[in-house]
Amino acid sequence: MDKKKVVEIKGLVKNYGTRGFQTRVLKGIDLTIYENDFIAIMGPSGSGKTTLLNILSTIDKPTQGTVLLDGKDVTKLKNEELSQIRRDKIGFIFQDYNLLDTMTLQDNIALPLSLNGVSSQVCISKCQTLAQIFGLKEHLKKYPYQLSGGQKQRGATCRALISEPEIIFADEPTGALDSKSSRDLLERLKMVNDEGKATILMVTHDALSASYAKDVYILSDGMVKCRLTRGDSRKEFYDRIIDMQVSMGSDFS
Amino acid sequence: MNLAKLSFMNFKASFKNYVSLIVSLAFTVLIIFNFFNLMDSSVMESLGKINSQNIKIVIQCVIVVLCCFMFFFIWYATNVFLTKRKKEIGVYVFMGLTNQRIGKLYMLETMMIGLVALIMGIGFGILISQLFTMILVTISDIEVNLSFEISLSAILWSGLIYFIVYMIFVFKGYINLVSSSVLDMVSANRQNEYVKQNKVILFLKAILGIMILILGYYYAIKEGGMETMANALLAVVLVIIGVYLLFGGFIPLVYQTLASNKRFLYKKQRTLWINQIIFRMKKNYRTYAIVTVLMICAVTALATGVAMHERCQMIHDFENVYTYQIFSQKDNLQNEFTKVIEEHNDIQYSSYIEMLQVEGSFASTTHQKNTFALIPYSQLKELAQDSHQTFELKQPQDDEVIDLSHQYILSLITTDELEDIQIQNQVYNTIQRTTVPYLGYLQEQVSFYCVSDDEYQRLKSTETSLYVYNYKIENTKMLNESTEDIQQHQDCAGLIKVDPQNDSNQWIKMLYPVCIFMFMVFIFASGSIIFMKLYNDAFEEKERYRVLRKIGIGTKTLRAGVQKELLLTYIVPFLLMSLSSYFSVHALANMMQTDLLSVNILSVGVIAIFFVICYGLSVVIYCQNAGIYEKRMS
């Protein structure tokens, strides 16, 4: 495969707790994410999904192993460089949107770019384009409290996309949404991915959300249990994910 | 665990958060205590009855002002505290506590804070009371012996006043908690619904605010007669309203307009801090307005003090031009009196003048009750030379006079209109007014007019003339040595002796340090109000900054945003104060007939320095409280 490697994880181990009372949450994970991938990570609670995402997004540090992001080992970088990487290479989508309630949707979306010193003209036009794609054009002047959950999450996605990051980390992006808004958001994420505009890593417990991805990794007890790859039909992929969940028998939430 | 224990634990656990509240409360107690203590101290008695009575009135006024100030300050501080605690306390609702019990918990906790503040305030007050009195006496240049003394009644009074005011607001908080719903309590800090305000209303407020402010400024500097006092009062009210409207309308309007211009907004960290200010404005504009008004008061208080001091000094100098002023029916007695005085004293300079006393009944309305005196121009010119004073008076025509006026502490009449006078059915045109103390103390007591020599000779035929011999001696402490000799002289018809030690205006000297002190209190208060506000706001920002760091905004960028936000928070009230204080001090300068521009500039400079310090501290503490430096994010 000649695709560019965006993230490369090797032998990732994470322990929590103090010496003598340590729990190993991640027990050696290897994972490579290529450009234009759309990966979903599933697993029962306590399987280490969130820990993995936190390490990947440089918020947490691993006990062992390396995480290469765009060729750089993020586990060895200093704080200042890390925040630069977070700013330039990574886009985040959170379960609880994390939009700032002090500013309009437009300001929220443009925020990462405008703080990076990009010219305001570019900020405005990019913001307009993304808002068009995500159906938010009429809502740009509104404040987060005036928007529905789905609109907020689409706004948060625009914010993640605006700086054209190498990869987008989405942590349960549909966790707080109803099924219609969820589908709406996922369709658009898929579209952006299909158009080759974004590489996405999504953590979810929801089989429906996972079925929009190209690959699904199932995490269990700190290790990658199996990998499912989507065929032509999303419906069929969804059934396979459900089967897998049933066979594992754990509580996926 | 009982309620008292729980509240004590709460108090201990969050003591660090309340330090700013406790310190500022203790500070108000400390100041009030010191003034009470001063009033009871022996310094007062050593000043003489009239002086001490006047000073006591001044101190009582100051205490009343300080009490009002304390009232608002405690109101404000407990309010900030209540909102902050509401959410925390609200959690107890879920543990099954009733509102009443939560209210009691709050009361107990707040009372502990109040008690600590009271003890600290009185304690430090006692410690620095000696220093306080010493500074006050030194600055006011009063000669008294100091001894260390603490008045029990001062402790009781300051404690009682503080206690009453504080309890009012503790109780208010209790009622607030008891009557608030669970939802209210839990989400006390999350009422973010109105971020932007209606532009039309803002615009109207802005226009109204600017108009009222300009009108206020106009009334402040408008010159006039007796209506000046009413004008000044009107100006105060208008400026206060104008400042409120400006912060409630004009300033949010400016920020909102800036925020809607995206090309401007998406540069540097503007999108962060401008939105932040808009968001905060609705809640905080009253605070900024209070701070601005407080600072204007501070500058005006200082200017009043300086002006009073200067005026006092001027009047003192005015009265002390001569030591002796001797009246006689005969002329050409200079040498005789000189001989008498020189027996015991050395003469610095002396002068002589002839004058005509005119009964008030001969004159026009304004002088009907007072006797007044006329002096000839050429003799006045000579007198000025003898007593080394400037002489820049025009030669009056036969139907003209020059008014020899004197210095006032404060004059409400700010227009400089010259009034014509009438003597024996003839109207004289007043061409000039001078406040040069040609006749010293006498000039302060009697109205003098200078007429042309010819006119003087003409009037002399109908009135009786009197001769005044003025002497200034080298050592005024020896002044009583010659008094008897002069009085026993056969031609002495009357004697005025001026003792520089016996100054009836001494109490005004005390005003000077008191005003300086008020200035410092007000400035300290305004700085600490903004500081406290920011201190508390920062905690509310924690979540927002956590989000910002999560999406990869670096510490440097965030800090730069905070720096700009806080800079604006401090600088806008400061600028408005600088502008307004120019007018208020100008009005004062008119009434006091003193140039106060340098005082104005100096006080604004002092405030600027103090604000820079507050600003620096605020940035550091804001960043800490908002968790900008925190490493852990999840």
Side-chain angles (χ1 to χ4, degrees), chain A residues 50-51 53-55 57-61 79-94 96-104 106-108 110-124 126-128 140-146 156 159-160 163 165 169 171, chain B residues 187 189-197 199 255-256 258-283 537 540-541 543-561 564-565 628-634:
Chain A
T50 309
T51 308
L53 192 72
N54 280 347
I55 292 173
S57 50
T58 74
I59 290 171
D60 208 345
K61 292 211 170 189
N79 259 336
E80 206 53 38
E81 290 169 296
L82 279 182
S83 80
Q84 209 164 2
I85 283 191
R86 271 204 295 278
R87 198 184 68 187
D88 299 335
K89 314 246 160 162
I90 308 174
F92 293 95
I93 305 171
F94 308 94
D96 48 358
Y97 330 123
N98 280 338
L99 292 174
L100 294 182
D101 52 0
T102 51
M103 46 179 88
T104 60
Q106 183 177 11
D107 294 355
N108 261 300
L111 185 69
L113 263 198
S114 72
L115 289 181
N116 279 2
V118 176
S119 91
S120 42
Q121 194 57 52
V122 176
C123 291
I124 295 166
K126 274 195 167 178
C127 186
Q128 296 287 345
L140 281 177
K141 289 216 155 32
K142 288 184 183 165
Y143 282 86
Y145 75 90
Q146 295 168 307
R159 182 178 66 184
S163 50
F169 292 125
D171 185 7
Chain B
S187 59
N189 287 330
R190 298 203 175 175
Q191 289 148 355
N192 300 343
E193 296 218 339
Y194 315 97
V195 178
K196 259 192 187 167
Q197 301 171 57
K199 266 204 169 176
Y255 283 126
Q256 284 195 14
L258 288 180
S260 56
N261 179 0
K262 302 297 177 197
R263 280 183 165 221
F264 171 82
L265 192 68
Y266 296 158
K267 272 178 194 154
K268 294 183 181 147
Q269 297 87 19
R270 280 173 200 159
T271 168
L272 269 183
W273 61 267
I274 290 184
N275 277 314
Q276 193 71 30
I277 288 179
I278 295 171
F279 175 71
R280 288 267 159 229
M281 207 61 193
K282 175 127 185 171
K283 262 205 230 163
D537 282 355
E540 290 172 33
E541 293 308 316
E543 183 58 30
R544 254 168 237 131
Y545 283 106
R546 200 179 59 81
V547 170
L548 285 166
R549 284 182 311 135
K550 258 183 163 179
I551 63 170
I553 314 292
T555 309
K556 270 185 194 162
T557 315
L558 293 180
R559 202 177 48 214
K564 275 171 196 150
E565 187 191 333
I628 288 177
Y629 302 129
E630 266 172 37
K631 291 234 168 84
R632 282 198 55 195
M633 275 182 267
S634 46

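We use all heavy atoms of the structure for the numbers below, so side chains are in, but hydrogens, waters and symmetry mates are not.
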S.K.: Heavy-atom pairs under 4.5 Å with chain B are the metric here; pick the option from A:Leu99, A:Leu82, A:Asn98 that has the most.
M.R.: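 Highest number of pairs under 4.5 Å: A:Asn98.
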S.K.: Shortest non-hydrogen contact from B:Lys262 to A:Ser120?
M.R.: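 What the structure gives for the nearest pair is O-CB, 4.0 Å.
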S.K.: Would you indicate whether B:Lys199, at its atom NZ, is surrounded by more than 12 heavy atoms from other residues, nucleotides or ligands within a distance under 6.0 Å?
M.R.: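 Yes, NZ of B:Lys199 has more than 12 neighbouring heavy atoms, counting only those of other groups under 6.0 Å.
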S.K.: Just one of A:Thr102, A:Thr104, A:Asp107 clears the side-chain hydrogen bond (donor to acceptor under 3.5 Å, both in side chains) bar with B:Asn275, so which one?
M.R.: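 Going through A:Thr102, A:Thr104, A:Asp107 one by one, the side-chain hydrogen bond (donor to acceptor under 3.5 Å, both in side chains) with B:Asn275 is satisfied by A:Asp107 alone.
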S.K.: Can you confirm whether A:Leu115 sits close enough to B:Gln269 that some side-chain heavy atom of one is under 4.5 Å from a side-chain heavy atom of the other?
M.R.: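 Yes, at least one pair of side-chain atoms sits under 4.5 Å.
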S.K.: Answer yes or no: is there a side-chain heavy-atom contact under 4.5 Å between B:Tyr266 and A:Ile124?
M.R.: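 The answer is yes; the side chains approach within 4.5 Å.
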S.K.: With a 4.5 angstrom heavy-atom cut-off, is it the side chain or the backbone of B:Thr271 that approaches chain A, or both, or neither?
M.R.: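 Both parts, backbone and side chain.
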S.K.: In Å and rounded to the nearest 0.5 Å, what is the CD1 to CZ distance from B:Ile553 to A:Arg87?
M.R.: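 Answer rounded to 0.5 Å: 8.0 Å.
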S.K.: Start with the C-alpha gap between B:Arg544 and A:Asp101, add the side-chain angles, then the distance that decides, and say whether side-chain contact (heavy atoms from CB on, under 4.5 Å) holds.
M.R.: CA-CA 8 Å; B:Arg544 254 168 237 131; A:Asp101 52 0; 2.8 Å; yes
S.K.: Between A:Phe94 and B:Lys550, what is the shortest heavy-atom contact and its length?
M.R.: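 In this case the closest contact between A:Phe94 and B:Lys550 is CE2-CD, 3.5 Å.
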S.K.: Go through the atoms of A:Gln106 and report whether side chain, backbone, both or neither lie under 4.5 Å from a heavy atom of chain B.
M.R.: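 Contact with chain B: backbone and side chain both.
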S.K.: Under a 4.5 Å cutoff for heavy-atom pairs, which residue among B:Leu272, B:Ile274, B:Leu265 has the most contacts with chain A?
M.R.: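 Top option by heavy-atom pairs under 4.5 Å: B:Leu272.
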S.K.: Between atom NZ of B:Lys267 and atom OG of A:Ser119, what is the distance when rounded to the nearest 0.5 Å?
M.R.: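 Spacing of NZ (B:Lys267) from OG (A:Ser119) equals 8.0 Å.
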S.K.: How many angstroms lie between atom CG of A:Leu111 and atom CG of B:Leu548, to the nearest 0.5 angstrom?
M.R.: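 The CG atom of B:Leu548 is 6.0 Å from CG of A:Leu111, to the nearest 0.5 Å.
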S.K.: Check this for me: A:Lys142, atom NZ, are more than 12 non-hydrogen atoms of other residues, nucleotides or ligands nearer than 6.0 Å?
M.R.: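 Check passes, neighbour count above 12.
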